[in-house]
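Just follow the structure's listing: the first ligand is 1, and inside any ligand the first atom is 1.
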Amino acid sequence: MSTNPSTNVSPLLEVTDLAVDYRNGRRSFRAVKGVSFTLECGRTLGLVGESGSGKSTIGRAILGLAPVSSGSVRFRGEELATMKRARRRELSNQIQVIFQDPYSSLDITKTIGYTLAEPLNHHERLTREQTLKRIREMVRRVGLPEESIHRYPAQFSGGQRQRIAIARALIGNPKFVVCDEPVSALDLSIQAEVMNLLAELQKSMGLALLFISHDLSVVRHISDDLVVLKNGLAVEHGRADDIYANAEHPYTRSLLAASPVPDPQAQAERRRARQAAAIGSHARTPSLERI
Ligand code: ADP
């Protein structure tokens, strides 16, 4: 296992040459084609690319929800790809996930208090009072009133439900969270609030995040590093600041040009760049619509 020479700390997550095949009868389709990256404690890796590029498949392979055909996925040095179920269950307090749609990932028949108690009951031996204290604390940390614990998911807005999903993922103090398009289903103003909350919790809890998004502008402020995926391949990988300042791959530049920025002048420049890239792409590369 490699180490980071500047800190001499092993990566929390090490994905090496990961390939994932989906099978449909006799036919097989390679959705991820040899992707490698590492993630250290307390850092955020943005995984970006257009729909169908293989982002969720990578997240799912790490979580044990998609088959690893070859390569390795190590968490604190332990191979996840071939791990026994019982060991994976033990690790589930350290590895968590926040999905795009909190409504389908929350049990609508259970109160928020019950939903938040579940991970604690699985992994920690707490008294009823201690459990309640942790639940109340977590609910406050995600910006919801304490009485939310007596309510059901249907009684909350989309943004509030995503806060509940965040609370459920974080209540057991995980080390690593896969965030799979966690704000894509929310209105723009709510997206910003939820992103700020995630960034704040990431810092205060020292979380490592794998942040999956089709939108480079969403991951911009939270990512230390970026992997840009196209058709299952990592076409660009490096420090987020470097990539935003000077993307090397034309696909990354197209994604950057397509992602909205708050400054209208910068947006106008990007639009011009996108149009120029589209004109140039007829001669060199396929347009984004056809990628
Ligand atoms: P992204 O998250 O970037 O939108 P996905 O990882 O969901 O991309 O999908 C990558 C490719 O794998 C797509 O072509 C998609 O159609 C295909 N795919 C995803 N899940 C399955 C599945 N369960 N069975 C077959 N093909 C799948």
Side-chain angles (χ1 to χ4, degrees), residues 13 15-37 39 44-73 75 80-81 85 88 95-105 162 165 169 176-186 191 194-195 198 208-220 222-223 225-238 240 243 247 249-260 285-291:
L13 180 78
V15 173
T16 310
D17 223 7
L18 173 68
V20 178
D21 297 315
Y22 288 116
R23 280 178 222 293
N24 187 359
R26 280 206 198 148
R27 288 209 284 187
S28 170
F29 166 69
R30 180 148 287 198
V32 177
K33 302 166 181 162
V35 170
S36 302
F37 56 83
L39 177 61
T44 299
L45 181 96
L47 187 54
V48 293
E50 290 209 319
S51 173
S53 56
K55 308 179 296 293
S56 290
T57 299
I58 292 176
R60 291 168 62 81
I62 294 168
L63 295 164
L65 303 172
V68 173
S69 304
S70 61
S72 88
V73 180
F75 179 74
L80 292 179
R85 269 184 193 202
R88 193 177 265 280
I95 304 175
Q96 280 291 321
V97 59
I98 301 164
F99 288 113
Q100 176 176 349
D101 177 9
Y103 205 56
S104 61
S105 67
Q162 199 54 298
F176 166 55
V177 184
V178 175
C179 303
D180 191 352
E181 303 266 12
V183 297
S184 306
L186 305 175
Q191 279 191 12
V194 173
M195 285 305 294
L198 275 170
L209 303 181
L210 177 69
F211 202 103
I212 295 171
S213 178
H214 65 281
D215 186 344
L216 267 165
S217 68
V218 166
V219 294
R220 179 167 201 142
I222 203 166
S223 298
D225 299 291
L226 278 182
V227 170
V228 181
L229 270 193
K230 181 184 173 217
N231 295 336
L233 285 167
V235 294
E236 192 136 10
H237 180 192
I243 291 176
H249 198 281
Y251 177 66
T252 314
R253 289 203 289 271
S254 315
L255 286 179
L256 273 171
S259 89
T285 50
S287 74
L288 269 180
E289 285 74 21
R290 284 186 282 124
I291 286 171

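- No side-chain donor from either of Asp215 and Ser213 sits under 3.5 Å from a side-chain acceptor of the other.
- In this structure a side-chain-to-backbone donor-acceptor pair under 3.5 Å is present from Lys33 to Asn231.
- Contact residues of ligand 1 (protein heavy atom closer than 4.0 angstrom to a ligand atom; sorted by chain and number): Tyr22, Phe29, Ala31, Glu50, Ser51, Gly52, Ser53, Gly54, Lys55, Ser56, Thr57.
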For this session: Could you check Gln162 against Val183 for side chain to side chain contact (heavy atoms under 4.5 Å, CB included), going step by step and ending with a plain yes or no?
Result: CA-CA 8 Å; Gln162 199 54 298; Val183 297; 5.7 Å; no
For this session: Applying side chain to side chain contact (heavy atoms under 4.5 Å, CB included), run through Asp225 and Phe37 and close with a yes or a no.
Result: CA-CA 10 Å; Asp225 299 291; Phe37 56 83; over 6 Å; no
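- In terms of modelled atom types and a separation under 3.5 Å, the side chain of Tyr251 and the main chain of Leu229 share a donor-acceptor contact.
- Under the salt bridge (Lys or Arg N to Asp or Glu O under 4.0 Å) criterion, Arg88 pairs with no residue, sequence neighbours left out.
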